[in-house]
Amino acid sequence: MRANAVERLAAQIGEIAGAEVELERPNDPAHGDYATNVALRTAPVQRRSPRELAEELARRVVDLPAVERAEVAGPGFLNLWLTRDWVVDALGEIDADYGGGFSEPHQRIQVELVSANPTGPVTVGSARNGAYGDSVARLLKFAGHAVEEEYYFNDSGRQVELFRESVEARRRGEPPPEGGYVGEYLEEIARQPGDPVDAMLEEIRREVAEFRISIDTWRRQAEIEAEVAALLPKLDTYESEGTVWARTSEYGDDKDRPLVRSSDRSYLYFAADVAYVRDKLERGFDRAVYVLGADHHGYVARLKAAAAMLGYDPERIEVLIYQLVHIVERGEARKGSKRRGDVVFLRELIEEIGIDAARWYLVSRGADQPIDIDVDLAREQTQKNPVYYVQYAHARIAGILRNAEKKPDAAAAPAVLDPLERDLLKRLTDFPTIVLEATERRAPHALPIFAIRVADDFHRFYHDLRVVGSDAEEFRLALCRATQHVIARCLDLIGVEAPERM
RNA sequence: GCGCCUGUAGCUCAGCGGAAGAGCAUCGGACUUCUAAUCCGACGGUCGGGGGUUCGAAUCCCUCCAGGCGCACCA
């Protein structure tokens with residue numbers, strides 16, 4: 001792992017302090033470029049007053065070439081101002097891969113996402129699953145892991161049969177079966193010949209690809225179910241009143257789960273779940289990530305229990321839960337039932353606001369936060385969507401680079417940096433920390449937030465300082481290019497395009 | 001009843017042990033420009049209530065209130 005400028009600085013200060021040092025960016029510029037609380041944290045251990053410790057640190061730390069000035073503040077914070085050279089050197093290391101490749105060790109990780117039944121087009125709910133899961137997958141890839149994205153679809157259950165019957169009824173001009181599917185999309189499927197499930201699956205493949213989610217493998221439930229019979233004897237099971245149960249409560253689940261139905265000996269859903277867990281881990285993935293909506297949060301314990309019962313480390317199963325997307329229409333909540341046609345589909349959302357705004361919007365909230373979508377309002381809000389603010393910064397930079405007369409050169413920095421240059425550059429150096437935390441916490445929503453900050457600093461810089469034709473042209477071009485790298489990476493990690501022109 | 005998640009500016013949200021933030025909305029300014037989809041300024045908060053832990057709590061613990069989602073021989 002190649003340490004970046006901020007990490008190296010933290011390590012140097014840590015050596016002097018004799019403790020792990022975390023550098024944080026203070027909100028208030030009066031608190032310096034970076035601040036650290038080492039003195040506060042280590043004072044009890046060293047049995048010295050935090051301020052005294054901080055003052056000693058301040059005296060020693062200014063000997064570092066990176067540190068211009070150090071001040072003690074409050075109860076014992078150490079505020080640091082960095083030298084012009086440190087900032088300029090930091091610019092030199094910002095390339096297209098800046099912030100990536102930090103994972104250690106590299107793992108084989110599978111991310112299973114979307115996995116909606118092929119009984120209708122992709123809903124906005126599944127789109128959130130896709131936007132979130134795919135961004136996590138992209139972060140893991142950027143970190144250096146070998147990531148595969150998989151879509152698991154049900155091609156054999158009761159819902160699928162009901163869907164088939166509903167389409168066939170429509171083809172015959174008859175009303176749908178009891179509790180059948182009634183959405184308008186059935187009409188277009190009914191017009192196509194052949195198995196409606198195949199047609200629906202093709203449509204889903206198209207929509208998922210259009211939404212910039214690239215699925216490596218498509219796994220059929222029937223395929224997994226075929227493995228159940230051979231698997232049953234290996235499980236910890238018992239029979240009660242004709243039903244075969246898995247003793248999952250012994251493995252961390254809150255109750256046992258039925259595997260085989262008593263009436264007709266058919267397999268229940270959990271049987272396929274167990275077989276699928278085994279299938280994933282046997283394929284050699286170090287880690288299997290599930291992306292599930294909050295309505296499935298009860299699955300966490302049973303999936304981990306399934307792994308444990310099979311003799312695998314349950315830590316290899318990771319379940320990401322995101323809160324649901326609620327559809328609001330003129331102030332009223334809709335149920336969101338695909339079967340009853342009471343949903344909003346991804347393709348409608350894309351039609352209203354476009355792919356970029358849709359991906360941005362669905363990923364820019366924390367997964368713990370529910371999302372309300374009012375499609376009537378979506379288009380209106382699109383005009384103000386920050387995604388354009390960020391893309392505009394990228395396009396502006398592309399324009400500058402097109403017009404440039406000289407070549408970017410980070411080393412051609414002036415003796416004194418303008419505060420706007422300095423602020424922008426310092427912002428860029430935050431990127432590796434942002435990505436690292438977003439990856440570890442599976443929180444891609446940090447990326448759009450950070451991208452807005454970068455765009456902010458860039459637009460300010462652009463507004464006040466000339467690049468092309470200025471005395472500092474080479475340096476500013478380098479700064480522009482570095483900014484472009486960081487913005488493009490942020491956008492790519494959430495599946496949004498970085499336009500050259502707008 | 002039990003479990004998970006959430007209550008922060010008028011609205012939508014970020015921050016999740018260190019020195020309260022953003023966007024939108026509202027009000028007032030800046031275009032002979034490398035793209036005004038931009039910039040500058042103002043307004044705005046007992047961080048749901050109460051207790052506790054800590055040098056320090058929006059952040060951790062307990063409790064109460066409010067909301068969302070689960071708790072099937074459905075998937």
Side-chain angles (χ1 to χ4, degrees), chain A residues 22 24 26-28 30-31 35-37 40-41 43-44 49-51 73-77 79 115-117 119 154 156-160 162 221 240-245 254-255 257-273 293-301 321-324 326 333 361 364-372 377 380-381 383-393 395-405 441 443 445-446 448-450 452-453 455-456 458-470 473 476-477 480 501-502:
Chain A
E22 278 179 32
E24 61 177 76
N27 294 322
D28 188 343
H31 299 148
T36 177
N37 61 359
L40 258 353
R41 286 202 346 264
S49 93
R51 274 204 72 102
F77 290 106
N79 295 337
S115 296
N117 280 351
T119 55
N154 179 355
S156 66
R158 192 176 294 173
Q159 287 304 314
V160 175
L162 197 54
Q221 186 170 312
S240 171
E241 292 172 31
T243 298
V244 180
W245 294 79
D254 50 353
K255 57 181 78 165
R257 303 287 165 184
L259 290 165
V260 186
R261 202 191 313 263
S262 52
S263 53
D264 59 357
R265 309 305 298 170
S266 63
Y267 299 136
L268 294 157
Y269 194 75
F270 186 63
D273 280 340
D295 53 342
H296 287 75
H297 76 254
Y299 275 51
V300 182
I321 299 293
Y322 60 91
Q323 297 300 310
L324 301 179
H326 297 107
Y361 184 68
S364 48
R365 260 170 196 105
D368 284 340
Q369 202 68 229
I371 295 181
D372 287 342
L377 281 178
E380 189 185 321
Q381 288 177 348
Q383 316 301 328
K384 305 164 217 153
N385 194 312
V387 70
Y388 301 110
Y389 180 77
V390 173
Q391 289 182 315
Y392 187 55
R396 271 184 154 176
I397 293 170
I400 292 172
L401 295 173
R402 273 195 302 272
N403 293 329
E405 290 150 17
R441 293 164 55 182
H445 71 279
I449 292 164
F450 176 71
I452 291 170
R453 293 287 101 72
D456 231 8
F458 174 76
H459 283 308
R460 253 195 297 275
F461 159 86
Y462 177 93
H463 193 263
D464 276 20
L465 301 176
R466 188 82 206 166
V467 177
V468 177
S470 75
E473 177 165 347
R476 287 179 184 166
L477 284 172
C480 284
R501 296 170 201 271
M502 284 176 78

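On a predicted model such as this, the values are computed, not experimentally measured, just so you know. Every chain is numbered from 1, with letters handed out A, B, ... down the list of sequences.
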Could you check if a side-chain atom of [X] sits within less than 4.5 angstrom of a side-chain atom of [Y], using non-hydrogen atoms only?
X	Y	result
Tyr322(A)	Gln369(A)	no
Ser470(A)	Leu465(A)	no
Phe270(A)	Pro258(A)	no
Pro26(A)	Phe77(A)	no
Ile452(A)	Phe450(A)	no

Describe the nucleic acid contact of [X] in one word from base, sugar-phosphate, nothing, applying a heavy-atom distance below 4.0 Å.
X	answer
Ala301(A)	nothing
Ala393(A)	nothing
Asn117(A)	sugar-phosphate
His297(A)	base
Tyr299(A)	base
Gly74(A)	nothing
Gly293(A)	nothing
Gln369(A)	sugar-phosphate
Ile449(A)	sugar-phosphate
Ala73(A)	base
Ile371(A)	nothing
Arg501(A)	base
Tyr389(A)	sugar-phosphate

Starting the side chain at C-beta, find the nucleotide from [options] nearest to [X].
X	options	value
Lys384(A)	rA75(B), rU6(B), rC24(B)	rC24(B)
His296(A)	rA75(B), rC69(B), rC73(B)	rA75(B)
Asp368(A)	rA37(B), rC73(B), rC5(B)	rC5(B)
Pro258(A)	rA36(B), rC5(B), rC73(B)	rC73(B)
His463(A)	rU6(B), rG68(B), rC39(B)	rC39(B)
His459(A)	rC39(B), rU12(B), rA75(B)	rC39(B)
Lys255(A)	rC69(B), rA72(B), rU38(B)	rA72(B)
Asp295(A)	rC39(B), rG70(B), rC5(B)	rG70(B)
Asn79(A)	rC39(B), rA19(B), rC74(B)	rA19(B)
Tyr462(A)	rA75(B), rA19(B), rA36(B)	rA36(B)

Can you tell me the distance, in whole Å, between the [atom1] atom of [X] and the [atom2] atom of [N]?
X	N	atom1	atom2	answer
Asn37(A)	rG17(B)	CG	C1'	9 Å
Asp273(A)	rC73(B)	CG	P	14 Å
Gln159(A)	rA72(B)	CD	P	18 Å
Phe458(A)	rA37(B)	CZ	C1'	14 Å

I'd like the [atom1] distance from [M] over to [N], given in whole Å.
N	M	atom1	value
rU32(B)	rG28(B)	C1'	25 Å
rU59(B)	rC47(B)	C1'	10 Å
rA58(B)	rG48(B)	C1'	12 Å
rG18(B)	rU54(B)	C1'	12 Å
rC74(B)	rG21(B)	C1'	45 Å
rG10(B)	rC2(B)	P	34 Å
rA20(B)	rA9(B)	C1'	11 Å
rA57(B)	rC16(B)	C1'	10 Å

**Prompt:** Looking at residues at least two apart in the chain, or sitting in another chain, which of them share a side-chain hydrogen bond (donor to acceptor under 3.5 Å, both in side chains) with Arg261(A)?
**Reply:** Asp264(A), Ser266(A)
Look at the side-chain N and O atoms of [X] and state whether any lies under 4.0 Å from the OP1 or OP2 oxygen of [N].
X	N	answer
Arg466(A)	rC34(B)	yes
Arg460(A)	rU38(B)	no
Arg441(A)	rC16(B)	yes
Arg365(A)	rC13(B)	yes
His445(A)	rG15(B)	yes
Arg261(A)	rC74(B)	yes
Arg257(A)	rA72(B)	no

**Request:** Determine, for Tyr462(A) and Arg396(A), whether the Lys NZ or Arg CZ falls below 6.0 Å from the six-membered ring centre while staying within 45 degrees of the axis.
**Result:** yes
**Message:** Quiz question: going by heavy-atom distance under 3.5 Å, is there a donor-acceptor pair between the base of rC73(B) and the side chain of Ser263(A)?
**Reply:** no
Quick check against the 3.5 Å criterion: does [X] have a side-chain atom that pairs as donor or acceptor with the backbone of [Y]?
X	Y	result
Glu473(A)	Glu405(A)	yes
Arg402(A)	Ile397(A)	no
Thr119(A)	Val160(A)	no

**Message:** Is His326(A) stacked against the base of rG68(B), taking the criterion as centroid distance under 5.5 angstrom and interplanar angle under 30°?
**Reply:** no
**Prompt:** Is Phe77(A) stacked on the base of rG18(B), with ring centres under 5.5 Å apart and planes under 30° apart?
**Reply:** no
**Listed partners of Ala116(A) passing side chain to side chain contact (heavy atoms under 4.5 Å, CB included), at least two apart** = Val114(A), Ser126(A), Tyr151(A), Lys338(A)
**Asked** CG/Asp273(A) to CZ/Arg257(A) distance, rounded to the nearest 0.5 angstrom?
**Response** 10.0 Å
**Prompt:** More 5' along RNA chain B: Pro26(A) or Ala455(A), using each one's nearest nucleotide?
**Reply:** Pro26(A)
**Message:** Wobble G-U and Watson-Crick pairs count when both distances are under 3.5 Å; given that, what is the 5' to 3' dot-bracket string of RNA chain B, with | for pairing to other strands?
**Reply:** (((((((..((((....[..)))).(((((.......))))).....(((((..]....))))))))))))....
